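Here's the structure we're looking at; comments come further down.
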Amino acid sequence: MPVHNADLAAIFEEIADLLEIQGANPFRIRAYRNGARILGDLPHEVRLLVEQGEDLTRLPGIGVDLAGKINEIISTGRCSILERLHRELPPHISELLKIPGLGPKRVRVLYHDLDVQTIEQLRRAAKDGRIRSIPGFGEKTELNILRAVEAHANQSRRIKLAVAAQYAESICVFLRSIPGVQQVAVAGSFRRMRETVGDLDILVIASSGSRVMQSFTGYDEIATVYSVGDTRASVLLKCGLQVDLRVVGQHCYGAALHYFTGSREHGIAIRRIAQQRGLKVNEYGVYHGFRRVAGDSEESVYQAVGLAYIPPELREDRGEIEAARAGRLPHLVELSDLRGDLHAHTTASDGHDSLHDMALAAKEIGLEYLAITEHSRRLAVAHGLDSLQLARQCDEIDRLNEQLCGITLLKGIEVDILEDGGLDLPDSVLARLDIVIGAVHSGFDLPRAKQTKRILCAMDHPNFTLLAHPCGRLIERRAPYDVDMLSIIRHAGKRGCFLELNAHPERLDLLDIHCQMAKEEGVLVSINSDAHSVFDFHNLRYGVGQARRGWLEKKDVLNTRSLTDIRSLLRRTMSV
DNA sequence: GCCGTTTTCGGCCCGACTGTTTTCAGTCG
């Protein structure tokens, strides 16, 4: 069983958890966590680097020791330090750290004093009133632990960005209605456009924090108030989403927005740079001693530490700071750069609106062209089209294009890639189309080599233009299929075809790290809505967010091209 | 355990809220 980066990251995280419970040197623990993050973020499999004899200590945060442990895990499938920790501590004790309010020190005390090793034992200890007797714990802590355990049992998972947006919007409307509130901004992973968010971080600019807090805690969607002070409150909404609210004064806006946008890793890196320059950065500003030198705007914060402004989507400590320092930050693609959409459905297959209405809706949001790409016959559940039905739709598109003004429909298909790598419709039919999107809709669990070969083979088809939702995952519902994405991207480059970034909030597929990979390999990415109704074009904003997280610029995105250029790019692909 | 324009040793980001104490540790973001 090959060791993936995620496996290595999980092992390092577990080591960090267990060391923390043992009370080890916090900086040693941080080194493991940092290593886990680095590995988890890498676009290439570390296993392959090892096979190629690469020196792993060249990776940031990986020194001789961690490199040795990575080598050990990859070559033996075992990790001796983790095995030692498992001998010294109960097997599932790190699970206890997942209970909010329980950190390593309390877990250690609970284990030593009450022999609590599992969440169930913790629940029983709290119910029996045994926890309150431990020094440093009290009745309230015991009650909070019991509540947290019960909340953990029916804990909600991370919420998709588009769903979180709905809750964020109504909270912002509420907050703006509170007297004295001057500005409201959603920060955190929401602002960084992560595909899912664990909570909402909301920043409020107001003169009086306590007044805002008093009103906010009366918001009728709140189920539980976890904590509330004059500048900070933490609540759980009835929908299961946690909201952290911060209130600062107007002059702190930039510093606070930067601080609460994160990511945590990016913030730490910035504060470290500040420290090296004799500065201190917090949510109130940038300070030289007691003198405040910046913080009104985010730009001023970056300027104070000698960096260009870094857009929120890049703030993950994945090279953006080095790029800012070197003046190499990308000029990220924007929603307004999109001139067309290359993936949409109508009532002819499983869409909800007519050709005509989809065309008008696309025009309405400022697009110049829209490719109609129904499913093919194999996907019967979505009423996939056969050759005859597709030919009829092509005729209809020709007729409609003569009537339409300001929008052009392109003739396409989202054709199933069969398990042998063939396409689900005859060549003669595909040859008539402007665009052929290949998609995997079956056989998700093929082994990696077979799945990869299937897609490479499909790309070799002379009419193949674009690979739809390349990893096939549904966020929080279906894992991506196991493919060698680098091979696929390189093959696309060789064949002159393109990759889709499917903007549907359930998909957001390509992943951000694969966008970066495509950019490095010079393969253009098409940000497509996969619209099934006239409302779905709004999802393009999430696709653009994901593309920005993947460092894509206007020039890296296929559908920022004009209709003329698109036609010529698609034709060129066909003729390769 | 990592790292280096200050450094191969001695650093390693910063503040708010809670609960238990009575000045602060633990946790969280």
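Convention: sequence-line order gives letters A, B, ...; per-chain numbering from 1. Bear in mind that the values here come from a model prediction, so they are computed numbers and not experimental data. The basis for the numbers below is simple: all heavy atoms, side chains too, and nothing from hydrogens, waters or symmetry mates.
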Sequence neighbours excluded, every pair satisfying side chain to side chain donor-acceptor pair (under 3.5 Å) that has a member inside residues 16-27 of chain A: Asp17(A)-Arg33(A), Glu20(A)-Arg33(A), Gln22(A)-Glu88(A)
Nearest-angstrom distance, [atom1] atom, [N] to [M]:
N       : M       : atom1 : result
dT6(B)  : dG19(B) : C1'   : 41 Å
dA16(B) : dG10(B) : P     : 32 Å
dC12(B) : dT20(B) : P     : 32 Å
dC13(B) : dT18(B) : P     : 26 Å
dT22(B) : dG11(B) : P     : 31 Å
dT21(B) : dC17(B) : P     : 22 Å
dG26(B) : dT7(B)  : C1'   : 32 Å

Which atom of Arg176(A) lies closest to which atom of Val181(A), heavy atoms considered: CA-CG1, 4.3 Å
Roughly, in whole Å, what's the span from [atom1] in [X] to [atom2] in [N]?
X         : N       : atom1 : atom2 : value
Arg325(A) : dT5(B)  : CZ    : P     : 10 Å
Ile270(A) : dG15(B) : CD1   : P     : 16 Å
Leu59(A)  : dG1(B)  : CG    : P     : 17 Å
Asp65(A)  : dC3(B)  : CG    : P     : 12 Å

B/S/- contact track for nucleotides 19-29 of chain B, protein heavy atom under 4.0 Å: SSS----SSSB
Sugar-phosphate only, base, or nothing, as touched by Ile268(A) at under 4.0 Å among non-hydrogen atoms: base
Result of checking Leu102(A), Leu96(A), Ile99(A), Asn144(A) against Val149(A) for side chain to side chain contact (heavy atoms under 4.5 Å, CB included): Ile99(A)
From Arg507(A), Glu195(A), Glu506(A), His504(A), residue fulfilling side chain to side chain contact (heavy atoms under 4.5 Å, CB included) relative to Ile475(A): Glu195(A)
Under the side chain to side chain contact (heavy atoms under 4.5 Å, CB included) test, residues paired with Glu299(A) that sit two or more places apart: Ser297(A), Tyr309(A)
Ala67(A) backbone acceptor or donor facing Asn71(A) side chain under 3.5 Å: yes
Mark yes when over 12 heavy atoms from residues, nucleotides or ligands other than [X] sit less than 6.0 Å from its [atom1]; otherwise mark no.
X         : atom1 : result
Lys160(A) : NZ    : yes
His44(A)  : NE2   : yes
Gln250(A) : CD    : yes
Arg292(A) : CZ    : yes

Heavy-atom contacts under 4.0 Å between [range] and DNA chain B, which residues?
range                       : result
residues 272-282 of chain A : Arg272(A), Gln275(A), Lys280(A), Val281(A), Asn282(A)
residues 24-35 of chain A   : Asn25(A), Phe27(A), Arg28(A), Arg30(A), Ala31(A), Tyr32(A)
residues 296-317 of chain A : none

5' priority, DNA chain B, between Ile62(A) and Met213(A) [closest heavy atom]: Ile62(A)
Aromatic centroids of Tyr302(A) and His258(A) separated by under 6.0 Å: yes
Centroid separation His92(A) to His86(A) less than 6.0 Å: no
For dA16(B), the Watson-Crick or wobble partner whose two distances fall under 3.5 Å: dT27(B)
Result of checking Arg106(A), Arg132(A), Arg147(A) against Glu142(A) for salt bridge (Lys or Arg N to Asp or Glu O under 4.0 Å): Arg132(A)
Side-chain donor-acceptor pair present, Asp244(A), Ser234(A), cut-off under 3.5 Å: yes
